[in-house]
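See structure below.
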Amino acid sequence: MNKQGIWKWVLLGLAILLIGAARECFHRRGRVDRTDLRRLGPAPRLDEFKRLPILFNGRKMPMDSYASNVLLQLSGRRTLNRRPAVEWLAWMFFNPEHAEALPVFLIEHPDTMQALGLEAHDRGRFSFEQLVPSLEALAQQAVQANQLEVEARGPVERELLRLYENVSYYLELYHTLDFARPNPDFAVHDPEVRQRLGLAEDQQEIRFLDIFFGAGGLREYVEGLDQIEPAAWTPQQQEAFRVSSALFGHVRRFSRLRVTLLPVDPHGQEVWMAPWDLLRIGITDTGMANALRRLGDMQQAWTAVDQKAFNEAARAYDEILKSRLFTDRAMARMDLEVRYNRLRLFSRASTAYTLAFFFAFAFFITGKPFAFRAGVVLVLLGLLPHISGMAMRMMIMGRPPVTNLYSTFLFVGCLVAIFGLLLEAMQRNGLGLLASSFGGLAMLFLANRFFSDGDTMGKLVAVLNSNFWLSTHVLAITTGYAGVVFAGLLGHVYLLQAIFGPGNRDRLSAIYRALFGMLGFGLIFSFLGTMLGGVWADQSWGRFWGWDPKENGALLIVLWCALLFHARIAGLIRNLGMAAGSVIGVVFVLMAWLGVNLLGVGLHSYGFITGLGGLFFATVAAELLFVGVATPLAARNLIEAPDNE
Amino acid sequence: MKDLFIDFFSSLKLTVLCLALLMVLIFWGTLYQVEHGIWQAQQVFFRSWFIRFGFLPIFPGGKLVMSVLFVNMLVSLLFRMEVSFRKAGLVLTHLGLMLLLAGGWVTYRFGQESFLSLVEGEGSNVSQSYRDWELSLWTDPSPPFRVIAYDTDGLRPGRSWRVPELALELEVETYYPNSVPLGPVQAADNAQPPLNASGIHALQPARTRPQPEEHMPGLIVRARRGRDEHRVLLFGGEAAPTRIEDNVGTVFMALRRKRYPLPITVTLHQFNREYYPGSDIPRSFSSLIEVDNRGLQRMALIAMNQPFRFRDFTFYQASFANLQDGSEMSTFAVTRNVGRILPYVATAMTVIGLILHFLVELVRRRPVPHAQPETAGASS
């Protein structure tokens, strides 16, 4: 490329940058657009707010994670208008009226939209404002759907129920901090009553909280009112009566919201309460009363866009909660989790693996040492965030690396990448790099695309609540998966090499030796994992083996590997057969890993893992097709190629 | 003849065939569970010699395949496999696998699964079967109970036998493995209703279910004593026994889940459950029990993943229920298995053998020659 050519590209790049910057400015400065989180108007930054703790699904997590879990549940995404969910959450807490037009409700089925009389639009995400006219219809149809038996519910019924639940949760979120927001119900005009309540002269907007903490001042007006005819009440008495009824009305109306912000008793049983419930039972402890005041301060600072005051209130609130839970290590993990969310380590690892794959492929084809070195460095650069991410998860949860389906993919991906590097160290032919980068990338992709539904660090049910078995049985079986998957990857490479380069006997036999060893490794760990599963079952259910689907799936992998080895020794198959067989091995791993979940009613709670079944069957079909087509081709080429076995 | 036998049973091709058949069985049996439940699948696929279509055997069952595999390994170890340091791992592995199969057989043949449900404060020295029922007869309702019991497996209409201890002759009129009780209104014929403690007038057969634990059997039996004849109806779901009174004396009859005697008396003191704060995700369940071994008493805790063992009996926390009166009921799975330790030993042997073999082959580090399949092994 000549010099002029380079300049052309540089100029084009600059132009793109400028346009991007201009667009960004437009977003920030432009008119208020209530349907776009980026243009709702000015708001404080949330660095302090997003690390505050909240209890959700039995787990203490930072607001940052909470927001993204709730938004995922509502909209099927963890971000809104490409902004972090916590920004949306702050609007929901501090100024929800202004956030009503944001498209946060996912409706997938066109029939559901029709049933609710909503105008269909392709993005499928509706705002609360759009749903308001349909709320009555939604409630009615959800009640009907709920009366149907679970098996009789179709996709539309299930979606109606989910939407109903989501709208309910949205409304709870909406009202959680109502007490901290100005409300005309609490407007007090009489100067005497205002004085009794301790309201400042110039305070125009009055909140529930102001009245609540000054409510002692109303007592003398309200006491004995039932003895007097309403017509004879003084204006002060009227005002006091109106305000205190509003007080009771609010408390009653918003009881039992599920947004549990405040830990009430850290001694003995730990109970987290929604602020309104705390207000309802009457606050006896000053710490929590102060926590509520700090929430009020946060709201005021938010509205005034006063960054300093907002951060101060958030820090003060955090201090109060920390002092309550000083024994609890989970509080110290909040910052760690916020950092984990921010770093997005697995997506960094994916990027590195993608690049590594290209270099590994280039080296495999061309043999250029530069590509080899770049590939190794990039896989290492991928492993660094990959392993750190898993380590952070372990620290946050206080658990071994694998606790749910999501983390099995992280773990297997990591192992495959490491196996690849080890193989590379032994053979130095690019093969390990290829498998390493591809395997790591594929597993991270699957984890992110299909299994990050809801909280990926959720609490474990009683039978799984055992770090010992999680770190023995589960790690052994996933290591087994990794071994067999890796052997399968090598099987693909072997078949392709046999088709496109059957003359390269050295490379073929190198691939075969690696494959053979990996399959043996996979067999050992699959067997160990399966039997440890039996031991665990014996310890917790009283039977070693029960032909349960999950057990059967794991056993199929073991039997398949054993069958391949025996068939090879018996001379029924040769190297090519082993290669084809290890590709089929991947199919058995998939069955054991996911098939069981597809067999039953399904593992996921929100129904967002659409396409998992499709992916599963497509992958199985693709692998079988690959083996069916590639094996005869490879066999023919191997026979025709000079100098073959 | 002998050589033919050895050749056949030590053949690697037979191994491959058996492994393949077992895989088919497992795959098929897993899919079968979706429709028919796990117990039925175990019976049809894994605890049978053949899978039958009607009476016609169409596919070898798990019992047959695993037996052949066992013989295959045994004969191979005795007559074919080379015994050397290099092959030590493989020999150990296969010995372990044989032990595993043998252990499975011992559990299948001698294992006993039952359950024990206790309300807080209640104690018992018998556990109940999940699926087997018994017809029990007794005369004296005060402890110590002396009960004469008959398995319901043998009950067929028309069958009769004598109970010499009670001078009673019984004849089965009808027996349904699963049934629905009918009251006076639902029962169609208004003939003289049979004798029954719960006011049941007739029985209606019901379809057998995938989970045989859910079955409620029903029985109509004629009890003759001297010149008296009583037509007695018994139903599995009844709380009270049916009482026969005549001039010879009183007899109580009940159809109930089969009882297994325990060597100890277990009393539930307290049941505890914990949830993660603010959620309905259970964190743990546990039961505090008192164990009475012929007068010697001690406390023990049964929790998730933490069973209580006594000789070859093991008690596991299985489930719990809240009763209407506010008390809590805890249910333990009780298993009796003499071969409990076998799979542990077998697993250890197999895994050690595999690792040994893997390492030996790794150290040898020789490419696999194609011409000599016998020496093929793991190498890197």
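So that the names make sense, note that chain A is the first sequence line, chain B the second, and so on, each numbered from 1.
Of the atoms belonging to B:Leu17, not a single heavy atom falls under 4.5 Å from chain A. When heavy atoms are compared at a cutoff of 4.5 Å, A:Leu559 approaches chain B by way of both its backbone and its side chain. Using a 4.5 Å cut-off between heavy atoms, A:Leu555 touches chain B through its side chain atoms alone. Neither the backbone nor the side chain of B:Ala318 comes within less than 4.5 Å of any heavy atom of chain A. Within the 4.5 angstrom heavy-atom criterion, only side-chain atoms of B:Arg309, from C-beta onward, approach chain A. Looking at B:Ile26, the atoms closer than 4.5 Å to chain A (heavy atoms on both sides) sit in the backbone and in the side chain alike. Using a 4.5 Å cut-off between heavy atoms, A:Phe468 does not touch chain B at all. Neither the backbone nor the side chain of B:Leu342 has a heavy atom closer than 4.5 Å to any heavy atom of chain A.
Remark: B:Met23 CE to A:Asn552 CG distance equals 11.5 Å, nearest 0.5 Å. To the nearest 0.5 angstrom, A:Asp538 atom CG is 7.0 Å from B:Thr335 atom OG1.
The most heavy-atom pairs under 4.5 Å with chain A, out of B:Thr314, B:Thr350, B:Thr107, B:Asn337, come from B:Thr350. Among A:Val535, A:Leu528, A:Asp548, the residue with the largest count of heavy-atom pairs under 4.5 Å with chain B is A:Val535. Most heavy-atom pairs under 4.5 Å with chain B: of the set A:Trp545, A:Phe521, A:Phe525, this distinction falls to A:Phe521.
Shortest non-hydrogen contact noted between A:Gly517 and B:Phe358 is O-CE1, 3.3 Å. Considering all non-hydrogen atoms of both residues, B:Thr15 and A:His566 come closest at CG2-CD2, 3.9 Å. In plain terms, the two heavy atoms of B:Leu12 and A:Ala570 that are nearest each other are CB-CB, 3.5 Å.
Inter-residue side-chain proximity for B:Leu97 and A:Phe527 is flagged as met; some heavy-atom pair is nearer than 4.5 Å. Contact check for B:Phe27 versus A:Met591: side-chain heavy atoms found under the 4.5 Å cut-off.
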Evaluate the criterion side chain to side chain contact (heavy atoms under 4.5 Å, CB included) for residue pair B:Tyr344 and A:Met531; output intermediate values, then yes/no.
CA-CA 8 Å; B:Tyr344 289 73; A:Met531 291 299 124; over 6 Å; no
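Judged purely by atom type and a 3.5 angstrom limit, B:Tyr316 has no side-chain atom pairing as donor or acceptor with the backbone of A:Arg543. A distance-only check finds a donor-acceptor pair linking the side chain of B:Gln33 to the backbone of A:Trp547 [under 3.5 Å].
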